[in-house]
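The structure appears below as structure tokens.
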Protein chains: 2
Amino acid sequence: MARDVARRAGVSTATVSRVLNGFAGVRADKREAVMRAAQDLGFVANGAARALSTRRFMAVGAVVPNIENEAFVRVLSSFQDRLRQAGYTLVAANAGYDLEDELREATFLLERGVDGLMLVGDIHHPDLHARIARAGIPVVQTFSLSRERPCVGFDNAASAARAANYLMDLGHRRIGVISGLRKDNDRGGARVTGIAAALAARGLRLAPEHDIEISYGIGGGRDGFRQMLAGGPPPTAIICGTDQIAFGAMIEARARGLSIPGDLSVIGHNDSDFAPFLDPPLTTIRIHSVEIGHAAGDHLIARIQGRPMVRLTEIDAELILRASTAPPR
Amino acid sequence: MARDVARRAGVSTATVSRVLNGFAGVRADKREAVMRAAQDLGFVANGAARALSTRRFMAVGAVVPNIENEAFVRVLSSFQDRLRQAGYTLVAANAGYDLEDELREATFLLERGVDGLMLVGDIHHPDLHARIARAGIPVVQTFSLSRERPCVGFDNAASAARAANYLMDLGHRRIGVISGLRKDNDRGGARVTGIAAALAARGLRLAPEHDIEISYGIGGGRDGFRQMLAGGPPPTAIICGTDQIAFGAMIEARARGLSIPGDLSVIGHNDSDFAPFLDPPLTTIRIHSVEIGHAAGDHLIARIQGRPMVRLTEIDAELILRASTAPPR
DNA sequence: TCGCTTCTTGAAAGCGCTTTCAGATAGCCA
DNA sequence: TGGCTATCTGAAAGCGCTTTCAAGAAGCGA
């Protein structure tokens with residue numbers, strides 16, 4: 001307790017507080033006495049008392065759909081870097097792609113005490129933003145763009161459309177999609193919409209039997225492609241919601257005797273660690289996770305500290321060309 | 001503020017507190033009035049004030065070497081499940097395989113306020129446990145066993161030795177190791193020690209040129225195997241520190257014209273998602289991450305709540321046999 | 001109806017910091 | 001030396017909850 005330090009240093013708790021928080025205007029001898037006393041006692045301030053007194057929790061919350069997902073982990077990690085530099089702690093929670101759960105977790109964080117909140121995407125429970133507003137803390141959304149709320153992300157529809165255009169430029173006309181679950185997921189939904197629009201713009205369409213929605217993971221990708229084949233003649237190219245899905249689809253395609261990219265071009269999403277090492281190396285849409293995390297962190301810190309901040313930061317995703325895509329035979 | 005709720009419901013803050021914390025002994029009509037008032041006002045208790053008053057933070061810290069590492073993420077995720085069920089928040093920090101950094105992050109958590117702490121491994125900064133003791137909170141170590149401190153984990157030396165014995169049973173005599181960095185990492189070190197001991201027990205030795213230490217990742221595995229080949233004739237089997245390393249080594253082996261498992265048997269660690277999908281499917285040592293996370297969570301919650309708890313919980317790793325291992329030619 | 005026990009309830013005292021405010025001390029110039 | 005300003009410092013008042021303690025209300029048996 002600060003009390004003990006004060007007694008040992010022969011000063012008041014006010015002075016202890018001033019020294020430990022680096023305020024100027026404490027005479028050198030007292031300052032040193034306090035430092036030494038704190039050191040001797042192994043004094044560690046009580047965060048709750050400090051938070052109560054300053055009305056600052058020095059913590060920032062983040063609610064992501066799945067903390068086991070590589071894409072979110074990477075963003076959280078770089079987000080945390082920035083928070084840590086500014087002296088803030090990250091408290092992360094899992095929403096599991098469910099709006100009710102997201103609301104529950106966010107409320108939990110709000111109650112626990114955070115000075116800012118990071119969310120993923122632009123689709124949330126109708127009550128969520130009211131609660132955040134009541135808590136009076138800044139929020140930033142990531143992974144997609146929003147016209148209503150501050151965000152750091154990219155245009156999911158446009159980046160997926162770019163992939164579709166690239167495939168069409170190669171000469172593909174039958175293009176399929178295997179996405180993860182799209183319910184309450186604006187990223188997944190926007191990507192499919194973007195692809196469909198790009199196809200439509202060139203007079204093509206996304207056939208329903210080539211539009212597959214599955215659960216994430218390698219197994220999901222395998223099942224998805226199997227399902228696509230069951231729907232009729234296969235497309236000559238597919239765009240997958242994650243690299244894991246792409247990997248699974250490639251395994252299934254190979255098992256069916258299709259060669260990649262000869263019979264089937266494949267594009268993934270996220271540029272996972274393993275993407276360049278697949279056989280063939282996977283063409284994928286790289287999300288600049290580190291930049292998104294940093295920008296989201298900087299954004300929130302700035303607003304917590306009362307500095308002005310741009311509402312929308314666009315960090316474009318990038319199409320990384322590798323050997324899994326080629327013109328159709 | 002509870003004050004506002006009290007005024008609106010026509011009771012005192014003491015009653016508000018009693019109702020909101022589910023204490024019995026409040027008359028039904030007042031209870032309902034409080035509930036309604038809290039609802040109407042969208043009341044969210046101030047966590048700092050509550051923590052200060054109860055001397056409970058309702059938060060648990062975890063310091064792991066790398067929050068981007070799949071193995072740790074899985075454990076953290078199941079650890080969080082349990083904490084969440086008990087009403088606790090997880091606050092995770094990154095130590096980056098450096099004891100000074102680990103100490104710094106742990107201190108940060110202690111200062112911030114946590115009721116318990118999870119650590120990875122049994123090697124820490126000499127000051128760390130003194131600080132934890134001063135904070136008076138329980139700690140649990142994971143991923144390895146310890147005779148000094150409460151832990152939930154497995155015998156890294158024994159599980160790696162089991163893999164080595166399996167390879168020797170298949171007839172391998174020249175066995176290599178590619179591990180991640182071992183500095184300040186008792187898991188990595190113990191595994192190599194275990195393998196060396198298993199070999200010695202059968203009159204074999206781990207040749208220095210077959211004992212490679214590299215940084216984690218697929219690229220690391222590739223470099224590691226390249227390095228091993230540069231040291232002389234290759235072993236007929238290798239045990240890798242992670243599945244990523246194994247994947248990288250397999251790529252390099254294939255590039256050098258070695259067939260797997262014909263010319264080279266490969267064993268990984270962790271049973272990553274992609275392990276069963278590699279070509280050939282990877283034999284690996286599966287760590288029961290979910291069980292470890294749950295056990296660590298249960299352990300800490302119990303001790304926080306003053307219930308007795310066993311000091312050591314062993315959750316054995318398991319050798320998963322797949323097609324990447326076979327007798328040598 | 002009275003006295004005693006059992007329920008309910010609110011006043012008030014913390015929890016351990018930060019921060020304001022005013023007083024004490026020191027420094028400086030005339 | 002006196003008076004004024006610039007520095008330092010500590011007392012004390014919160015911050016918003018929880019929890020104790022004592023008192024009032026209600027219920028019960030005689």
Side-chain angles (χ1 to χ4, degrees), chain A residues 1-35 37-38 41-59 87 89 108 110-115 134-137 305, chain B residues 1-35 37-38 41-59 87 89 108 110-115 134-137 305:
Chain A
M1 298 199 310
R3 195 66 179 275
D4 301 328
V5 176
R7 201 170 304 139
R8 189 176 233 268
V11 300
S12 71
T13 60
T15 298
V16 170
S17 173
R18 279 190 274 257
V19 171
L20 266 28
N21 291 297
F23 277 98
V26 175
R27 227 172 40 214
D29 58 333
K30 299 227 172 197
R31 154 166 270 111
E32 270 175 34
V34 170
M35 299 282 241
L41 265 39
F43 174 70
V44 171
N46 179 313
R50 171 176 289 166
L52 182 57
S53 189
T54 59
R55 256 141 301 180
R56 278 286 175 87
F57 294 96
M58 298 311 285
T89 310
F108 189 73
L110 255 25
E111 177 151 359
R112 149 134 258 292
V114 289
D115 302 310
R134 212 148 38 200
I137 62 171
Q305 298 178 343
Chain B
M1 298 200 310
R3 193 67 179 275
D4 301 329
V5 177
R7 201 169 305 141
R8 189 176 233 267
V11 300
S12 71
T13 59
T15 298
V16 171
S17 173
R18 281 189 272 258
V19 171
L20 266 28
N21 291 296
F23 277 98
V26 175
R27 229 173 38 215
D29 57 335
K30 300 228 172 197
R31 153 167 271 109
E32 270 174 35
V34 170
M35 299 282 241
L41 265 38
F43 174 71
V44 171
N46 179 315
R50 170 175 290 167
L52 183 59
S53 189
T54 58
R55 257 143 301 179
R56 277 285 175 87
F57 293 96
M58 298 311 283
T89 311
F108 189 73
L110 254 25
E111 178 150 358
R112 150 136 257 291
V114 289
D115 302 311
R134 212 146 40 200
I137 61 171
Q305 297 178 344

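In what follows, every chain begins at residue 1, and chains take the letters A, B, ... in the order their sequences are listed. Source: prediction; values computed, not measured.
Heavy-atom distances to DNA chain D give each of Arg55(A) and Thr54(B) a nearest nucleotide, and the one nearer the 5′ end belongs to Arg55(A).
For Arg7(A), the side chain to side chain contact (heavy atoms under 4.5 Å, CB included) partners at least two apart in sequence or on another chain are Arg3(A), Asp4(A). For Arg8(A), the side-chain hydrogen bond (donor to acceptor under 3.5 Å, both in side chains) partners two or more places apart in sequence, or in a different chain, are Asp40(A). Partners of Arg27(A) by side-chain hydrogen bond (donor to acceptor under 3.5 Å, both in side chains), not counting sequence neighbours, listed by chain and number: Asp29(A). Listed by chain and residue number, nothing satisfies the side-chain hydrogen bond (donor to acceptor under 3.5 Å, both in side chains) test with Glu32(B) (two or more places apart in sequence, or in another chain). Here Phe43(A) pairs with Ala2(A), Val5(A), Leu20(A), Ala38(A), Ala45(A) under the side chain to side chain contact (heavy atoms under 4.5 Å, CB included) rule; sequence neighbours left out. For the side-chain hydrogen bond (donor to acceptor under 3.5 Å, both in side chains) test, residues two or more places apart in sequence or in another chain that qualify with Ser17(B) are Asn21(B). Remark: Ala9(B) engages Val11(B), Ala33(B), Val34(B), Ala37(B) in a side chain to side chain contact (heavy atoms under 4.5 Å, CB included) (not counting sequence neighbours).
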Nucleotides 7-9 of chain D: which of its N/O atoms have a protein N/O under 3.5 Å away?
{"from": "dT9(D)", "atom 1": "OP2", "to": "Arg27(A)", "atom 2": "N", "distance (Å)": "2.9"}

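In summary, contact between chain A and DNA chain C, defined as any nucleotide atom under 4.0 Å from a heavy atom of the protein, begins and ends at dG16(C) to dT20(C) in the 5' to 3' direction.
Heavy atoms of Ala14(B) sit under 4.0 angstrom from at least one base atom. Ser17(B) comes within contact range of at least one nucleobase, with a heavy-atom separation under 4.0 Å.
One finds the CG atom of Leu110(A) at 11.5 Å from the CG atom of Asn46(B) (value rounded to the nearest 0.5 Å).
The side-chain heavy atoms of Val19(A) and Met35(A), taken from C-beta on, include a pair separated by under 4.5 Å.
Annotation: proximity of residues 44-52 of chain A to DNA chain C (heavy atom, distance under 4.0 Å) is found for Asn46(A), Ala49(A), Arg50(A), numbered in ascending order.
Bending across the helix from dT1(C)-dA30(D) to dA30(C)-dT1(D), expressed as the angle between its end axes from five pairs apiece, amounts to 40° (10° rounding).
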Just distance, no hydrogens or angles: give the donor-acceptor pairs under 3.5 Å from side chains in residues 48-59 of chain A, sequence neighbours left out.
{"from": "Arg50(A)", "atom 1": "NH1", "to": "Glu111(B)", "atom 2": "OE2", "distance (Å)": "3.3"}
{"from": "Thr54(A)", "atom 1": "OG1", "to": "Arg50(A)", "atom 2": "O", "distance (Å)": "2.8"}
{"from": "Thr54(A)", "atom 1": "OG1", "to": "Arg56(A)", "atom 2": "N", "distance (Å)": "3.2"}
{"from": "Thr54(A)", "atom 1": "OG1", "to": "Arg56(A)", "atom 2": "O", "distance (Å)": "3.4"}
{"from": "Arg55(A)", "atom 1": "NH2", "to": "Ser53(A)", "atom 2": "O", "distance (Å)": "3.3"}
{"from": "Arg56(A)", "atom 1": "NH2", "to": "Ile304(A)", "atom 2": "O", "distance (Å)": "3.1"}

